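Numbering of ligands and ligand atoms starts at 1, following listing order. Only a predicted model underlies this, so the values are computations on that prediction, with no experimental measurement involved.
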Amino acid sequence: SVKEKGKAHYQFYRSDMQSTGINVITLESHLRKAIEREELELYFQPQVNLLTNEIPSFEALLRWNSADLGFISPAEFIPLAEDTGLIIPIGNWVIDRACWQIREWAKKAKKEVRIAVNISPKQFLQLDLVKTIHHAVEKHGIDPSLLEIEITEGVMQDTKEAIPILNRLKNLGIKIAVDDFGTGYSSLSYLKQFPIDVLKIDQSFIGDIKYNGKDAAIITTIIHLGKSLGMEVIAEGVEEQNQVEFLKDADCEKAQGFFFGKPLKVEEAEERFILRSKTSS
Ligand code: C2E
Ligand code: MG
Ligand code: MG
Ligand code: MG
């Protein structure tokens, strides 16, 4: 049960947080109030088209700046939110906020910018996800193809549950991306069973391109695979010029990473990438 799962993970959080002196109970009680206290914020990381240097899309990444505890990383609070079920209201807030932002940028910059949001496994399998997304798209009056959801390979293992959900989202016109591609346990057969639009090559493959021939081979293969299946391929965690060159040579369509820009506050993303049309590089 969820409760037992929470207990099983307790030790992990407790030991993990000794350094900061924050225990899991404290963290949970603060996270519970984070939405109403308006402590959550979406940051936006640019996704660059490697051919044109344009920024057609951003990934929305959640930030929590707690009034009492300070800045807490998503790597810490997302797993806790998953275990406690808080990921549902938090995830719903993220979806609503992203749709609002799409509409805002369409008005302000007269520009269609796609936003990708991360959907965690528990959130994906909740009963109301499709309704929630549909509602948010209608409420903000956005083109549904401007909203992308990122899921991981793990949630696709349960094909019986996942296929109908993804098909319903696809029918709404939402884009579907596989995050951290290449690190999960799923077989390749799901690439033909699921309506996937985008493959995001995990950043662990990108880091060592220069030194590791295996990583280079894997990246090249994923790019070919995605392309031949009609999917968009994007490389994550791009930090260096040599990685950009490698990806361009390998015909990778898009890239995302510190080389192009860190996740930014909305005003900064707007200033640097929305109100101008091209990157400075
Ligand atoms: P992710 O979706 O795979 O996001 C990519 C992570 O890599 C982000 O960390 C991003 O800041 C970081 N990153 C981007 N470019 C680079 C780079 O060039 N080098 C390096 N070293 N890192 C880079 P972040 O923002 O800390 O998020 C961590 C994870 O937390 C995300 O991994 C995602 O799984 C989860 N997460 C973040 N926001 C949300 C959310 O709104 N909902 C859910 N369910 N999960 C979220
Ligand atoms: Mg992601
Ligand atoms: Mg990722
Ligand atoms: Mg990740």
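Applying the side chain to side chain contact (heavy atoms under 4.5 Å, CB included) criterion to E41, with sequence neighbours excluded, gives Y43, K265. In terms of the side chain to side chain contact (heavy atoms under 4.5 Å, CB included) criterion, P164 has no residue partners (sequence neighbours excluded).
Checking only distances, P263 never comes within under 3.5 Å of ligand 1, N or O to N or O.
Listed by atom number, the atoms of ligand 1 under 4.0 Å from D179 heavy atoms are 1 (P), 2 (O), 3 (O). Close contacts of ligand 1 with G257, meaning ligand atoms under 4.0 Å from a residue heavy atom, involve 15 (N), 18 (O). Atoms of ligand 1 found under 4.0 Å from any heavy atom of Q45, numbered from 1 in the order shown, are 14 (C), 15 (N). Each of the following atoms of ligand 1 lies closer than 4.0 Å to a heavy atom of V94: 41 (O).
The aromatic rings of F273 and F58 sit perpendicular, their planes meeting at an angle over 60°, well past the 30° parallel limit.
Look at E150 and the Mg ion (ligand 3): no N/O/S atom of the residue is under 2.8 Å from the metal. Within the coordination shell of the Mg ion (ligand 3), defined by N, O or S atoms under 2.8 Å, D179 is present.
Here the shortest heavy-atom distance to atom 44 (N) of ligand 1, taken over A116, S73, S120, A98, belongs to S120.
If you look at D180 and ask which of its N, O or S atoms sits nearest the Mg ion (ligand 3), the answer is OD1. The name of the N, O or S atom in E59 nearest to the Mg ion (ligand 2) is OE2.
A donor-acceptor pair shorter than 3.5 Å cannot be found between the side chains of Q256 and E236.
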